[in-house]
K.L.:
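Handing you this structure, nothing more for now.
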Amino acid sequence: MAKAEFKTPELSEYIEVPDLVEGTMEHITCFVAKPEHQEALGFPGEKKENWKEVAIDKMGDLLSRYRSFRVYLDACVKCGSCTDKCHYFLGTQDPKNMPVGRQDLLRKVYRRYFTFAGKYFPKLVGAVDLSEEIVDDWYSYFHQCSQCRRCSVFCPYGIDTAEISMAAREILDAIGIGQKYCNEIIGKVHAIGNNLGLPGPAILDTLEGLEEDVWEETDVAVKYPLDVKGADILLVTPSADFFAEPHVDGLIGYGKVFHEAGVSWTLSTTASEAGNFGMFIGSYENMRRVSLRIRQAALELGVKRIVFGECGHAWRIAYSFLNTLAGPFDFLDPDYPVPQHICEFTLNEIEKGTLEFDKSENDDMSITFHDSCNVARASRMGDKPGGQFEIPRKVIKSVVNNYHDMEWDTIHDRTFCCGGGGGILTDDLMEVRVKGAKPRMSAFKNVMEEKGVTHLAAICAICKSQFTKVFPYYGMDMFQIVSVHQLVSNAIVMNRKTPPEEAPGYGEDDDE
Amino acid sequence: MSSVYALLFIVATIVLVIGLARKIAQYAKAPAPLKIPTTPAPVTQTGVVLRLFREVVFFESLFKSTKWTWLFSWLFHFGMFLVLLRHLRYFIDPVWLPIQLIQPFGKYAAFAMVAGLAGLLIRRIFVDRVRYISAPSDYLWLLLLLAIGVSGATMTFVIHTDVVAVKQFFTGFWTFSMGDLPMDPVLLVHLTLVAVLMLLLPVSKLLHIPGIFFSPSRNQVDNPREKRHLVEWARKLEDS
Ligand code: HEM
Ligand code: SF4
Ligand code: SF4
């Protein structure tokens with residue numbers, strides 16, 4: 001799997017629908033999970049002898065357990081409405097990256113084994129026998145889908161290719177060829193508690209470092225508590241927030257907001273990860289196991305509320321699935337939604353008037369906001385549909401003077417994926433990531449040129465990591481991506497002074 | 001010959017009704033374990049009904065996407081819908097007033113239907129992306145519906161058939177006194193193709209008709225934080 005040379009696409013002013021070029025991305029494949037990664041999740045370690053049977057059985061099993069899968073495989077009329085909606089198609093021209101082209105890789109097998117027409121008239125309806133080549137295609141193209149759901153917005157039946165990709169990955173896992181990136185990470189969460197495999201002491205160390213930094217910057221002793229029993233709020237945040245730019249600046253911001261709001265809060269070692277890659281591989285069981293850690297932590301720490309930090313797919317699972325997977329949360333304070341998004345929390349405090357900002361602190365930047373797919377198309381914030389678009393923008397506009405949206409057909413529920421979601425944020429898929437970022441990069445470049453925008457703000461750990469990596473391919477600077485709560489952190493005025501003995505390291509420097 | 005057609009339509013009706021009912025039962029029985037509405041989504045059941053209404057009547061999502069496909073598709077479906085309503089007069093007696101009132105429009109709706117279908121066919125042949133995803137059956141459906149539309153319009157506007165006898169034939173079904181079907185070739189072609197459509201509908205992509213109502217991304221209420229959603233097989237995991 002040598003690193004393939006590839007050309008970064010040229011950016012265009014508008015979204016251009018390219019001509020088809022078959023097979024441009026056929027060579028793509030990502031590392032296969034090792035036996036130990038597979039087995040830790042309850043999957044066979046190696047490709048099974050009787051993989052064909054197992055695959056068809058698994059497909060049958062999923063058909064009986066998921067209405068989405070069943071209906072979506074039948075209902076497609078090949079109208080073509082979704083064909084030009086996928087960023088991977090727009091960036092690669094490969095017809096198997098058109099949403100319906102991707103679905104058809106699975107649908108043609110479904111038709112052959114599960115439908116009358118496909119059993120008796122396969123040629124007529126494009127049904128084919130399962131074969132080695134088809135499994136290769138599945139492995140390649142279902143790992144070129146970021147499960148962003150953009151296709152489902154434009155499909156007259158809401159057919160969501162993300163659901164098909166999840167099912168396909170589940171079938172692949174069942175026959176023993178899982179993806180290394182996702183499965184290894186899920187194993188780490190099961191074993192250690194977060195995607196990065198950071199043990200408790202490492203997290204503690206980071207948090208103490210943050211307390212010192214904030215103290216030096218503001219002369220206020222903002223706490224970044226870990227495993228504090230009896231705190232009111234459990235903050236669950238992606239583990240990237242513990243170590244990398246610009247994520248960690250967001251974490252600093254959450255702490256400052258909590259401090260100014262005067263609430264008690266804590267992080268947890270066992271639930272030190274908001275992300276849940278169980279969704280990417282379509283595994284309800286793994287997704288549930290990862291989610292239960294959060295319930296467990298909330299119970300052990302005796303908190304009253306759960307708040308999630310900035311992460312897109314994590315928010316989908318938190319908002320849409322957590323109650324199902326790990327509920328009911330009747331032991332938490334019923335006056336607050338479970339869980340709450342940090343942007344909901346911050347906006348609520350802004351509206352209550354507890355926070356004061358000096359917007360000019362952000363005057364060196366002009367901001368635009370990237371709607372992360374899973375927040376935009378698979379969740380909500382606030383109590384009205386569309387709150388997921390309004391609330392983060394309101395937070396941003398409260399803390400910056402210069403804000404401009406990108407083109408209307410590239411934001412809100414039409415937002416383009418960063419190119420790295422859905423379990424493909426791995427170096428072995430760099431070509432897919434760079435090419436898939438093209439539509440988002442185009443829209444960003446346009447707003448830079450037309451409105452003088454300098455920075456892209458996001459509320460997703462995957463988006464932030466992805467942009468950090470792909471900006472340079474498009475001639476931009478990796479620091480042009482910022483966290484929303486980084487902007488909050490820059491502008492917030494620290495009015496709640498703390499007594500000197502709360503300062504980090506107070507009383508330790510005895511020898512002075 | 002009339003009895004052959006009578007038999008054909010009895011079989012076609014049975015296949016259509018039982019086939020569709022089985023599919024609908026299958027969709028209804030398949031659980032949807034997670035809340036996956038494409039958001040922004042309605043937060044109430046009434047909102048969901050309105051969302052589906054807009055999808056079924058106006059093809060809202062398709063409209064967001066490709067205006068040409070939307071136009072052709074809507075002409076075809078809405079034309080076909082009026083034509084079907086008009087056809088009710090061959091099956092019921094006395095004819096209800098609303099059906100009588102639409103007769104003049106119903107007549108011309110056939111043109112909308114055929115024009116829409118022709119547009120869709122041209123698109124399927126000439127747009128490379130749509131051509132790539134098309135199987136032979138995708139063309140055949142358009143041709144079948146075109147042939148039904150054209151043969152029907154031919155009888156309305158060019159070679160009239162004895163509609164009184166046709167009505168006698170179909171209303172007679174209920175009382176086993178169908179009389180004789182006129183042996184006009186155009187009529188026979190029209191009826192044969194309609195029977196073929198009825199026979200194939202439950203095993204084809206025309207399952208988008210029940211499918212749209214069962215699509216979780218369109219028919220779910222967006223209220224997962226307020227109300228716990230749990231299906232049977234997922235509950236079993238909790239017990240173990
Ligand atoms: C609930 C009622 C229905 C709804 C909401 C509906 C909706 C749609 C939509 C949105 C499309 C996609 C656009 C297109 O390619 O035309 C479509 C396609 C199609 N529909 Fe329907 N439809 C309905 C009933 C029917 C019926 C009763 C038939 C035929 C008996 C039918 C036949 C077709 C065919 C053949 C296509 C594919 C057209 C093509 O090849 O481009 N539909 N339908
Ligand atoms: S879910 Fe997103 S990445 Fe996957 S096919 Fe649809 S548009 Fe493409
Ligand atoms: S938009 Fe929906 S129905 Fe149309 S081709 Fe795509 S998946 Fe099929």
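Order of the sequence lines fixes the chain letters, A, B, ..., with proteins taken first and strands second; residue numbering starts at 1 for each chain. Given the structure is predicted, the values throughout are model-derived calculations rather than measurements. For the numbers below, each heavy atom of this structure counts, side chains included, while hydrogens, waters and symmetry mates do not.
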K.L.:
Go through the atoms of B/P37 and report whether side chain, backbone, both or neither lie under 4.5 Å from a heavy atom of chain A.
P.N.:
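Looking at B/P37, just its backbone touches chain A.
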K.L.:
Counting heavy atoms not belonging to B/R228, are there more than 12 under 6.0 Å from its CZ?
P.N.:
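More than 12 within 6.0 Å, yes.
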K.L.:
Under 4.5 Å between any side-chain heavy atoms of B/I36 and A/R149, yes or no?
P.N.:
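With C-beta onward as the side chain, the pair touches.
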K.L.:
Sort B/K23 into side chain, backbone, both or neither according to what part of it lies under 4.5 angstrom from a heavy atom of chain A.
P.N.:
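When you check distances to chain A, only side chain atoms of B/K23 fall under 4.5 Å.
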K.L.:
Side chain, backbone, both or neither: which part of A/D19 has an atom under 4.5 Å from a heavy atom of chain B?
P.N.:
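Both backbone and side chain of A/D19 come within 4.5 Å of chain B.
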K.L.:
Looking at every heavy atom in both B/S217 and A/Y72, which two are closest together, and how far apart are they?
P.N.:
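Result for this residue pair: OG-OH, 2.6 Å.
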K.L.:
So which part of B/R218 gets closer than 4.5 Å to some heavy atom of chain A, the side chain, the backbone, both or neither?
P.N.:
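Contact with chain A is through the side chain of B/R218 alone.
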K.L.:
With only heavy atoms counted, which part of B/E232 is less than 4.5 Å from chain A, the side chain, the backbone, both or neither?
P.N.:
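No part of B/E232 comes within 4.5 Å of chain A.
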K.L.:
For the atom pair OH (A/Y157) and CG (B/L62), what is the distance rounded to the nearest 0.5 Å?
P.N.:
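One gets 8.0 Å once the value is rounded to the nearest 0.5 Å.
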K.L.:
Shorter than 4.5 Å, heavy atoms on both sides: which option in B/A28, B/P33, B/A32, B/P202 has the most such pairs with chain A?
P.N.:
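Of the options given, most contacts go to B/P33.
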K.L.:
Please check if the number of heavy atoms outside A/Y120 that lie under 6.0 Å from its OH is greater than 12.
P.N.:
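Incorrect, the count does not exceed 12.
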K.L.:
Given the options B/G47, B/P42, B/P40, B/G211, which has more heavy-atom pairs under 4.5 Å with chain A than any of the others?
P.N.:
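Most pairs with chain A among the choices: B/P40.
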K.L.:
Under 4.5 Å heavy-atom distance to chain B, tell me which part of A/F116 shows up: side chain, backbone, both or neither.
P.N.:
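Only the side chain of A/F116 comes within 4.5 Å of chain B.
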K.L.:
Of the backbone (N, CA, C, O) and the side chain (C-beta and beyond), which part of B/T38 lies under 4.5 Å from a heavy atom of chain A, both, or neither?
P.N.:
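Both parts, heavy atoms under 4.5 Å.
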K.L.:
Do A/N323 side-chain atoms and B/P224 backbone N/O form a donor-acceptor pair below 3.5 Å?
P.N.:
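The answer is yes, because a donor-acceptor pair under 3.5 Å joins these two groups.
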K.L.:
Could you check if a side-chain atom of B/Y132 sits within less than 4.5 angstrom of a side-chain atom of A/E22, using non-hydrogen atoms only?
P.N.:
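Side chain of B/Y132 against side chain of A/E22, heavy atoms only: contact under 4.5 Å found.
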K.L.:
Can you confirm whether B/F81 is buried at CZ, in the sense that more than 12 heavy atoms of other residues, nucleotides or ligands lie under 6.0 Å from that atom?
P.N.:
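Result for CZ/B/F81: open.
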K.L.:
Let me know if A/A162 has heavy atoms under 4.5 Å from chain B in its side chain, its backbone, both or neither.
P.N.:
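Contact with chain B is absent: no heavy atom of A/A162 under 4.5 Å.
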K.L.:
Shorter than 4.5 Å, heavy atoms on both sides: which option in A/L322, A/V71, A/L63 has the most such pairs with chain B?
P.N.:
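If we count pairs closer than 4.5 Å to chain B, A/V71 comes out on top.
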K.L.:
Less than 4.5 Å to any heavy atom of chain B: does that hold for the side chain of A/V153, its backbone, both, or neither?
P.N.:
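Contact with chain B is through both the backbone and side chain of A/V153.
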K.L.:
Pair B/K205, A/V125 - check side chain to side chain contact (heavy atoms under 4.5 Å, CB included), show working.
P.N.:
CA-CA 10 Å; B/K205 68 174 186 179; A/V125 295; over 6 Å; no
K.L.:
Are the side chains of A/F89 and B/R129 in touch, meaning some heavy atoms are under 4.5 Å apart?
P.N.:
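Sidechains of B/R129 and A/F89: in contact.
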K.L.:
When rounded to the nearest 0.5 angstrom, what distance separates CG in A/L124 from OG in B/S204?
P.N.:
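Nearest 0.5 Å value for the CG-OG distance: 11.0 Å.
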K.L.:
Under a 3.5 Å distance rule, please check whether B/T39 uses its side chain to pair with a backbone N or O of A/S379 as donor and acceptor.
P.N.:
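Checked: pair present.
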K.L.:
On a heavy-atom basis, which atom in A/K85 and which in B/S65 lie closest, and how many Å separate them?
P.N.:
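Smallest heavy-atom distance, with atoms named: NZ-OG, 3.1 Å.
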K.L.:
Among the options A/A127, A/G118, A/A376, pick out the one with the most heavy-atom pairs lying under 4.5 Å from chain B.
P.N.:
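Ranked by contacts with chain B, first place is A/A376.
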K.L.:
What part of B/L206 lies closer than 4.5 angstrom to a heavy atom of chain A: side chain, backbone, both or neither?
P.N.:
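Neither part, no heavy atoms under 4.5 Å.
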K.L.:
Does this structure show an ion pair linking A/D413 with B/K64, if we count only N-O contacts that are shorter than 4.0 Å?
P.N.:
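B/K64 and A/D413: salt-bridged.
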K.L.:
Does the side chain of B/R131 come within less than 4.5 Å of A/L20's, by heavy atoms?
P.N.:
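No, every pair of side-chain atoms sits at 4.5 Å or beyond.
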K.L.:
Counting only non-hydrogen atoms closer than 4.5 Å, does A/D74 touch chain B with its backbone (N, CA, C, O), its side chain (CB onward), both, or neither?
P.N.:
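Contact with chain B: backbone and side chain both.
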K.L.:
Of all the heavy-atom pairs spanning B/I133 and A/T83, show the shortest one and how long it is.
P.N.:
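The pair with the smallest heavy-atom distance is CD1-CG2, 4.1 Å.
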K.L.:
Please round to the nearest 0.5 Å and tell me the distance separating atom SG of A/C79 and atom CZ of B/F59.
P.N.:
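The distance works out to 10.5 Å.
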K.L.:
Identify which part of A/F329 has an atom lying under 4.5 Å from any heavy atom of chain B, answering side chain, backbone, both or neither.
P.N.:
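The answer is neither part of A/F329.
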K.L.:
Heavy-atom count around B/F53 CZ within 6.0 Å, excluding the residue itself: above 12?
P.N.:
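No.
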K.L.:
Measure B/D138 against the heavy atoms of chain A and call it side chain, backbone, both or neither at under 4.5 Å.
P.N.:
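The side chain, not the backbone.
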K.L.:
Give a yes or no on this: more than 12 heavy atoms of other residues, nucleotides or ligands lie within 6.0 Å of atom NZ of B/K29.
P.N.:
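No, NZ of B/K29 has 12 or fewer neighbouring heavy atoms, counting only those of other groups under 6.0 Å.
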K.L.:
Using only atom types and a distance under 3.5 Å, with no angle test, would you say the side chain of B/R124 pairs donor to acceptor with the backbone of A/G80?
P.N.:
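The answer is no, because no donor-acceptor pair under 3.5 Å joins these two groups.
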K.L.:
Who among A/G126, A/A117, A/S320 has the most heavy-atom pairs with chain B under 4.5 Å?
P.N.:
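Heavy-atom pairs under 4.5 Å are most numerous for A/S320.
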K.L.:
Against chain A, work out which of B/T69, B/D222, B/V231 has the most heavy-atom pairs shorter than 4.5 Å and name it.
P.N.:
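Most pairs with chain A among the choices: B/D222.
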K.L.:
Could you tell me which of B/L200, B/D128, B/N223 has the largest number of non-hydrogen atom pairs under 4.5 Å with chain A?
P.N.:
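Top option by heavy-atom pairs under 4.5 Å: B/D128.
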K.L.:
Should the heavy atoms of other residues, nucleotides or ligands under 6.0 Å from NZ of B/K107 be counted, would the total exceed 12?
P.N.:
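Count not over threshold, so no.
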K.L.:
Who wins among A/G101, A/G386, A/C155 for the most heavy-atom pairs under 4.5 Å with chain B?
P.N.:
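Option with the greatest count: A/C155.
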K.L.:
Output yes when B/R225 and A/E344 qualify as a salt bridge under the 4.0 Å nitrogen-oxygen rule, no when they do not.
P.N.:
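Result for this pair is yes, salt bridge flagged.
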K.L.:
Identify which part of A/F69 has an atom lying under 4.5 Å from any heavy atom of chain B, answering side chain, backbone, both or neither.
P.N.:
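Contact with chain B is absent: no heavy atom of A/F69 under 4.5 Å.
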K.L.:
Roughly how far apart are B/S137 OG and A/K123 NZ, rounded to 0.5 Å?
P.N.:
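NZ of A/K123 is found 14.0 Å from OG of B/S137.
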K.L.:
A/M279 versus chain B, heavy atoms under 4.5 Å apart: side chain, backbone, both or neither?
P.N.:
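Contact with chain B involves no heavy atom of A/M279 at all.
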K.L.:
Which bit of A/Y319 comes within less than 4.5 Å of chain B, counting heavy atoms only: side chain, backbone, both or neither?
P.N.:
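Looking at A/Y319, backbone and side chain both touch chain B.
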K.L.:
More than 12 heavy atoms of other residues, nucleotides or ligands under 6.0 Å from CZ of B/F91: yes or no?
P.N.:
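Counting neighbours around CZ of B/F91, more than 12 heavy atoms of other residues, nucleotides or ligands fall under 6.0 Å, so yes.
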K.L.:
Would you mind checking which part of B/V130 comes under 4.5 Å of any heavy atom in chain A, side chain (CB onward), backbone (N, CA, C, O), both or neither?
P.N.:
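Answer is side chain: those atoms of B/V130 sit under 4.5 Å from chain A.
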K.L.:
Locate the shortest heavy-atom distance separating B/S61 from A/P156; write the atom from each residue and the value.
P.N.:
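What the structure gives for the nearest pair is CB-CA, 4.1 Å.
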K.L.:
Side chain of A/R67, backbone of B/A30: donor and acceptor closer than 3.5 Å?
P.N.:
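Present.
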K.L.:
Test your reading of the model: is there a side-chain donor-acceptor pair from A/R65 to the backbone of B/W233, 3.5 Å cut-off?
P.N.:
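No, A/R65 side chain to B/W233 backbone: no donor-acceptor pair under 3.5 Å.
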K.L.:
Specify the closest pair of heavy atoms between B/P31 and A/S64, including all atoms of both residues, with the distance to one decimal.
P.N.:
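The pair with the smallest heavy-atom distance is CD-O, 3.2 Å.
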K.L.:
Could you look at B/R235 and say if it's the side chain, the backbone, both or neither that has a heavy atom under 4.5 Å from chain A?
P.N.:
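When you check distances to chain A, no heavy atom of B/R235 falls under 4.5 Å.
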K.L.:
If I take atom CG from residue B/L237 and atom CZ from residue A/R289, how far apart are they, to the nearest 0.5 angstrom?
P.N.:
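B/L237 atom CG to A/R289 atom CZ measures 13.0 Å (nearest 0.5 Å).
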K.L.:
Start with the C-alpha gap between A/T324 and B/K35, add the side-chain angles, then the distance that decides, and say whether side chain to side chain donor-acceptor pair (under 3.5 Å) holds.
P.N.:
CA-CA 9 Å; A/T324 298; B/K35 281 280 192 164; over 6 Å; no
